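Data first, discussion second: the structure below is written as structure tokens.
Just so it is clear, the model here is predicted, and its values are computed rather than measured. Lettering follows sequence order; numbering is per chain, from 1.
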Protein chains: 2
Amino acid sequence: MDLIAIPNLSERIRSVVRERIVNGDLAADSRINEVHLARDLEVSRTPLREALNALVAEGALVTKPRRGFFVRPLSAEEFQQIYPIRALLDPEALRLSGLPTAERILRLKAMNQALEDEPDAEQRILLDDAWHLEWVADCPNLILLELIRQFMLRTRRYELAYFRDPRNLATACDDHHRMLTAARDGDLERVIEALKLNLTHGIEPILEWLGEGKRPKEVHNQEE
Amino acid sequence: MDLIAIPNLSERIRSVVRERIVNGDLAADSRINEVHLARDLEVSRTPLREALNALVAEGALVTKPRRGFFVRPLSAEEFQQIYPIRALLDPEALRLSGLPTAERILRLKAMNQALEDEPDAEQRILLDDAWHLEWVADCPNLILLELIRQFMLRTRRYELAYFRDPRNLATACDDHHRMLTAARDGDLERVIEALKLNLTHGIEPILEWLGEGKRPKEVHNQEE
DNA sequence: AAATTGAATACTGTATACAATTTGACCATG
DNA sequence: CATGGTCAAATTGTATACAGTATTCAATTT
């Protein structure tokens with residue numbers, strides 16, 4: 001019997017649309033035209049609407065009754081609210097997980113290396129998320145993990161800019177390294193401190209980016 | 001123009017179904033038959049499915065592709081995971097909010113009195129939630145507030161048993177009182193400590209309840 | 001008697017159709 | 001030239017229809 005549940009169409013649509021929002025293909029604040037988007041994706045409106053509703057729950061969209069779905073704009077305000085929450089959730093999950101096993105430390109080391117070598121910004125985000133999840137893989141509080149995953153999705157749009165800059169990548173990998181050495185010393189509290197620092201380092205550069213140029217694409221919703 | 005957005009059918013359905021889950025009208029672990037439930041609610045399946053998907057995001061239901069929606073059972077495990085998260089979120093929100101104004105303290109005092117006098121368990125939950133939200137009303141992190149509200153909904157099913165017992169109500173009001181006196185003394189840290197204690201007090205009795213009798217109603221999904 | 005297969009049935013997932021509401025353009029009016 | 005009203009087109013919300021997938025249960029085989 002199905003151990004891996006095959007996602008249905010609406011779940012696949014959700015991923016695709018989320019991608020488009022993250023990339024800016026669907027401009028911030030723009031209204032989503034269900035008919036056009038459905039035609040573009042070559043699906044009907046029903047599963048599309050299910051996907052859009054799910055994205056509302058994720059915080060990527062907002063919905064106004066009888067007006068439609070709108071892309072939640074990237075904003076310094078939202079970002080300044082989301083990131084501190086991760087800095088609250090992640091350390092707690094790590095504390096509950098305890099120190100990683102020697103085997104896991106090895107894996108983490110390899111993952112960090114892969115991150116350092118990765119040229120593509122989007123892949124870097126995925127690797128970074130995987131890295132953080134690996135630390136808390138043994139966390140007994142599954143709902144907390146669910147929550148962390150949810151917030152990883154919400155921060156994704158912002159992190160794209162962060163991981164494009166090699167200097168930021170270097171900072172991140174450095175922080176990660178500090179976590180690893182603390183773990184090898186068996187000092188959980190120091191690991192947690194390093195994690196908090198890591199999560200804090202992201203804030204400044206992203207706020208800067210949000211302040212200045214913001215996003216390039218603006219109007220361009222989707223073609224007719 | 002519409003300051004208060006009138007909810008559409010699917011949003012209203014969501015509330016109704018959530019209610020039924022909380023009450024146990026839809027038994028834990030039972031599969032939801034969309035056709036029957038739609039007929040029962042006198043709506044079509046489309047908005048019902050939108051509502052059910054939203055409830056999945058809320059954690060009240062789970063969905064298995066091509067199998068359908070299932071009522072997430074109340075379990076000691078889930079509860080033990082949810083409550084500590086509230087004990088993480090609420091104090092942080094309170095810290096960000098700062099001490100309440102004298103005016104707000106008065107209002108809180110009145111709210112606690114109302115809670116103490118309330119005979120109905122369901123109303124008590126609503127009043128208790130309102131009480132907690134009043135403390136953090138000034139929290140600048142709106143997303144954190146959103147999250148707290150979300151978890152209030154998730155804990156609701158469990159708290160019903162808690163607030164039925166007058167002894168638990170007394171304990172809660174007592175904790176609340178302690179928070180108020182600490183606030184009047186201008187000692188935020190002591191308020192936060194009292195809040196943590198308040199949130200912790202709920203755990204034991206509910207676990208006990210979950211261990212023994214559990215819920216009365218069991219089979220009874222919905223009538224044909 | 002137990003296991004297995006296969007057809008009938010029930011149910012979910014998706015598409016389409018229809019109703020209700022909003023939007024925007026056009027024109028009349030001050 | 002601005003303002004407001006009316007109507008058509010566009011768009012969302014809901015219902016219904018259909019297709020594909022699970023489940024059930026009886027018939028058949030071992």
**Study point:** Any donor-acceptor N/O pair under 3.5 Å between C:dT16 base and A:Thr46 side chain
**Key:** yes

**Study point:** Euclidean distance, B:Leu94 CG relative to B:Met179 CE, rounded to 0.5 Å
**Key:** 5.5 Å

Review point. To the nearest Å, how far apart are A:Leu52 CG and C:dT14 C1'?
Key: 15 Å

Exercise for review: Check whether any side-chain heavy atom of B:Leu207 lies under 4.5 Å from a side-chain heavy atom of B:Gln80, and answer yes or no.
Suggested key: yes

Review point. Side chains of A:His201 and A:Asn168: donor-acceptor distance under 3.5 Å anywhere?
Key: no

**Study point:** For A:Arg124, all residues meeting side chain to side chain donor-acceptor pair (under 3.5 Å), sequence neighbours excluded
**Key:** none

Check your understanding: Between B:Tyr83 and B:Glu78, does any side-chain donor sit less than 3.5 Å from a side-chain acceptor?
Key -> no

Exercise for review: Using whole Å, report how far CZ of B:Arg12 lies from P of D:dG13.
Suggested key: 12 Å

Practice item. Can you tell me the distance, in whole Å, between the CZ atom of B:Arg14 and the P atom of D:dT14? Key: 13 Å

Exercise for review: Can you tell me the distance, in whole Å, between the CZ atom of B:Arg39 and the C1' atom of C:dA10?
Suggested key: 12 Å

Check your understanding: In degrees, rounded to 10°, what is the bend between the two ends of the helix from C:dA1-D:dT30 to C:dG30-D:dC1, using five pairs at each?
Key -> 10°

Exercise for review: Check whether any side-chain heavy atom of A:Phe151 sits under 4.5 Å from a side-chain heavy atom of A:Ile85, and report yes or no.
Suggested key: yes

Exercise for review: Return the orientation label for the B:His132 and B:His176 ring planes: parallel under 30°, perpendicular over 60°, tilted otherwise.
Suggested key: perpendicular

Practice item. Please state how far atom CZ in A:Phe70 lies from atom P in C:dT23, giving the value in whole angstrom units. Key: 8 Å

Review point. D:dA19 C1' sits how many Å from A:Leu9 CG, rounded?
Key: 13 Å

Would you list the protein and nucleotides 10-12 of chain D atom pairs, both N or O, that sit under 3.5 Å from each other?
residue	atom	partner	partner atom	Å
D:dT11	OP1	A:Asn33	ND2	3.0
D:dT12	OP1	A:Ile32	O	2.9
D:dT12	OP2	A:Glu34	N	3.4

Review point. Ion pair present between A:Glu58 and A:Arg14, side-chain N to carboxylate O less than 4.0 angstrom?
Key: yes

Exercise for review: Rounded off to whole Å, could you give me the CD-to-C1' distance for the A:Glu50 and D:dG13 pair?
Suggested key: 14 Å

Review point. Got a donor-acceptor contact below 3.5 angstrom from the B:Tyr162 side chain to the B:Ile203 backbone?
Key: no

Review point. In whole angstroms, how far is the P atom of C:dG13 from the CG atom of B:Leu48?
Key: 12 Å

